[in-house]
*Asks:* 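Quick one: this structure, given as structure tokens, is what I'll be asking you about.
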There are 2 protein chains.
Amino acid sequence: MIRDALRDAIIDRRLAPGTKLSEAEVGALFHVSRTVVRAALQMLSFEGLVRAERNRGAFVANPTPDEARQVFDSRRLIEPGIAMAAAERIGAADIAAFRMALAGEERLLGERGPSARRAEIRASGDFHLLMAAVAGNAILLKFMEELVARSSLVIALYGRSGASSCGHGDHGRILSALERRDGVEASRLLSLHIDHIEMDLDLRVAEGMALREALATE
Amino acid sequence: MIRDALRDAIIDRRLAPGTKLSEAEVGALFHVSRTVVRAALQMLSFEGLVRAERNRGAFVANPTPDEARQVFDSRRLIEPGIAMAAAERIGAADIAAFRMALAGEERLLGERGPSARRAEIRASGDFHLLMAAVAGNAILLKFMEELVARSSLVIALYGRSGASSCGHGDHGRILSALERRDGVEASRLLSLHIDHIEMDLDLRVAEGMALREALATE
DNA sequence: CAAGTCAAGATTGCATACAATTTTTGCGTC
DNA sequence: GACGCAAAAATTGTATGCAATCTTGACTTG
């Protein structure tokens with residue numbers, strides 16, 4: 001439970017990258033001992049959302065542009081295959097779930113404000129996770145959960161505020177292809193979709209980050 | 001350190017699938033408290049080598065044939081892409097490391113006995129991990145570490161004793177393609193190679209496993 | 001004699017206490 | 001006023017103790 005609460009806060013960027021997650025402080029907030037906090041932090045460290053330093057503590061991950069590229073390279077490698085599998089296995093119940101997720105996304109696109117943006121990033125990730133679930137491979141689903149979480153963090157960090165984070169209708173078209181069981185087309189659209197997301201990022205800030213990071217550590 | 005020792009023991013099948021890993025017992029063996037043992041077991045649980053049950057304890061994973069298939073499906077999806085990346089980035093030092101790994105493998109192929117078989121499975125996995133390291137994506141490397149570990153467990157469980165587990169020279173041919181920087185060919189060979197490994201397994205024991213599993217739990 | 005029940009033992013889950021390390025802070029000196 | 005050093009405060013790493021849960025085996029009962 002604590003892990004999920006922290007993960008949500010990190011992905012929503014309520015916890016800024018670099019923030020120190022003191023065991024005692026987190027424990028006080030949740031009214032639990034450091035023991036369980038440590039377990040939660042260890043899990044998040046495995047997911048790459050938290051960076052743990054020996055004898056120094058845990059910090060909200062601050063992915064570099066290079067790490068951001070690795071996240072999207074990984075997704076470009078894995079997700080098209082997931083789309084192929086999902087196209088083969090998709091059923092009526094799955095399609096209904098997709099339609100509901102899409103409706104939620106489009107509703108959020110109309111809203112304004114930072115909380116709507118957060119919800120939008122989250123909903124967009126859920127679409128991809130739903131597809132991974134339909135593909136029916138638990139291991140790949142776990143990988144995708146990690147990649148989507150890291151993507152959300154990267155988008156929150158490097159996303160251009162102007163452009164909308166994800167769906168220019170991409171999700172809708174991908175779902176259409178899945179419904180037609182056209183795995184090849186779904187795969188192709190998904191690949192383009194990941195390109196779109198990455199192009200929306202501003203990964204040029206490679207230099208100078210080390211200094212700001214030191215400042216952000218508080 | 002404890003995590004690595006346990007992982008090696010699991011992969012080498014010195015710890016049989018289903019074996020209970022009691023916190024107190026493991027702690028006594030390593031002369032540490034249950035606290036650190038719990039941390040190690042949590043990590044292995046994340047890697048899928050250990051199955052943790054609430055209030056019951058941790059057990060060496062006993063992958064079902066279906067899980068085994070998912071492992072190899074995942075590898076079929078990811079590894080060809082890694083081969084492509086590795087072909088682009090491979091350097092002289094990498095090739096030297098590959099040659100050394102291959103020499104070790106072929107030496108092991110000549111030896112007899114269960115300990116040579118274990119070392120062979122391990123060396124075979126190291127070849128794939130080396131390729132992932134050369135590919136230069138830390139996230140994919142971590143995924144591959146998990147997949148290779150799980151594969152080793154699956155091979156130990158379902159491998160036919162007759163056929164040699166991995167290299168019918170496959171690794172050598174893949175390395176040749178990498179040296180020529182022929183990513184497409186390396187990718188194709190790797191895909192076939194994974195098929196070879198999976199064909200060497202006997203995954204038909206789907207039924208009746210539940211009973212044997214209950215017995216193996218001790 | 002089989003089946004259900006309950007108590008004793010064992011094991012995990014969590015909290016807390018102590019040790020080790022790092023960070024901060026205060027003092028002295030240049 | 002700046003720098004260096006040392007002591008104190010804070011934080012993490014590990015061990016241990018107690019409570020909760022599960023397992024086991026004997027005992028009761030139909």
Side-chain angles (χ1 to χ4, degrees), chain A residues 1-10 14-63 209-218, chain B residues 1-10 14-63 209-218:
Chain A
M1 205 203 305
I2 292 169
R3 177 200 58 180
D4 292 343
L6 285 176
R7 177 164 47 202
D8 287 356
I10 292 172
R14 297 194 303 273
L15 284 168
T19 305
K20 181 170 168 69
L21 299 171
S22 157
E23 296 178 357
E25 202 172 345
V26 176
L29 275 166
F30 288 97
H31 304 290
V32 293
S33 82
R34 285 175 46 214
T35 309
V36 298
V37 175
R38 277 182 79 84
L41 291 177
Q42 193 185 4
M43 293 191 242
L44 291 171
S45 164
F46 258 78
E47 293 177 31
L49 292 183
V50 156
R51 173 173 42 91
E53 293 180 26
R54 164 114 191 162
N55 280 322
R56 296 231 24 244
F59 304 83
V60 177
N62 199 349
M209 243 331 193
L211 295 106
R212 282 184 53 192
E213 183 180 321
L215 276 162
T217 318
E218 276 174 25
Chain B
M1 205 202 303
I2 293 169
R3 176 200 58 182
D4 291 344
L6 285 175
R7 177 165 46 203
D8 287 358
I10 292 172
R14 297 194 302 272
L15 284 168
T19 306
K20 181 171 169 67
L21 300 171
S22 157
E23 296 178 359
E25 202 172 344
V26 176
L29 275 166
F30 288 96
H31 305 291
V32 294
S33 81
R34 287 174 42 216
T35 309
V36 299
V37 175
R38 278 182 79 84
L41 291 176
Q42 193 186 358
M43 293 191 242
L44 291 170
S45 163
F46 258 76
E47 293 177 32
L49 292 182
V50 155
R51 175 173 40 91
E53 293 181 27
R54 165 116 191 157
N55 278 325
R56 294 233 22 246
F59 304 82
V60 177
N62 199 348
M209 241 329 189
L211 296 106
R212 281 184 55 192
E213 182 180 320
L215 276 162
T217 317
E218 273 173 25

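Every value quoted in this text rests on a predicted model; they were computed, and no experiment measured them. Here is the naming used below: chain letters follow the sequence lines, and residue numbers restart at 1 for every chain. Note: hydrogens, waters and symmetry copies are ignored here, and every other heavy atom, side chains too, is used.
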*Asks:* Taking only side-chain nitrogens and oxygens of A/Lys20, does any of them come within less than 4.0 Å of OP1 or OP2 of D/dT12?
*Replies:*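 Checking D/dT12 against A/Lys20, a side-chain N or O does come within under 4.0 Å of OP1 or OP2.
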*Asks:* Check side-chain contact (heavy atoms from CB on, under 4.5 Å) between A/Asp8 and all other residues, then give those that pass, not counting sequence neighbours.
*Replies:*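 Testing A/Asp8 for side-chain contact (heavy atoms from CB on, under 4.5 Å), a comparison that skips the adjacent residues, returns A/Arg14, A/Arg122.
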*Asks:* Taking the minimum atom-to-atom distance to the side chain of A/Asn55, which one of C/dA15, D/dA15, D/dG13 wins?
*Replies:*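 So the side chain of A/Asn55 is nearest to D/dG13.
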*Asks:* Could you tell me whether A/Arg54 contacts a base, only the sugar-phosphate backbone, or nothing, with contacts defined as non-hydrogen atoms closer than 4.0 Å?
*Replies:*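 The answer is sugar-phosphate, as A/Arg54 gets under 4.0 Å only of primed atoms, P, OP1 or OP2.
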*Asks:* Give a yes/no answer on whether the side chain of B/Arg56 brings an N or O atom under 4.0 Å of OP1 or OP2 in C/dT12.
*Replies:*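 B/Arg56 to C/dT12 OP1/OP2: no side-chain N or O under 4.0 Å.
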*Asks:* Just compare C/dA15, D/dA15, D/dT12 and give me whichever is closest to any side-chain atom of A/Val36.
*Replies:*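 Taking heavy atoms from C-beta onward, the closest nucleotide is C/dA15.
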*Asks:* Side chains of A/Val50 and A/Ile10, heavy atoms from C-beta outward: is any pair under 4.5 Å?
*Replies:*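 Contact flag for A/Val50/A/Ile10 side chains = yes.
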*Asks:* B/Ser33 side chain N/O closer than 4.0 Å to the phosphate oxygens (OP1, OP2) of D/dA15?
*Replies:*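 Yes.
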*Asks:* Expected output is a numbered-order residue list: members of residues 42-50 of chain B with a heavy atom under 4.0 Å from any atom of DNA chain C. What is it?
*Replies:*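 Hits under 4.0 Å, by residue number: none.
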*Asks:* Just how large is the angle between the end axes of the helix from C/dC1-D/dG30 to C/dC30-D/dG1, five pairs per end, to 10 degrees?
*Replies:*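 The end axes of the helix from C/dC1-D/dG30 to C/dC30-D/dG1 are about 10° apart, to the nearest 10°.
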*Asks:* Expressed in angstrom and rounded to an integer, what is the separation of B/Glu23 atom CD from D/dT16 atom P?
*Replies:*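 So the CD-P distance, B/Glu23 to D/dT16, works out to 14 Å.
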*Asks:* Let's see if you can work this out: which of C/dG13, C/dA17, C/dC14 has an atom nearest to the side-chain heavy atoms of A/Arg34?
*Replies:*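 The nucleotide sitting nearest to the side chain is C/dA17.
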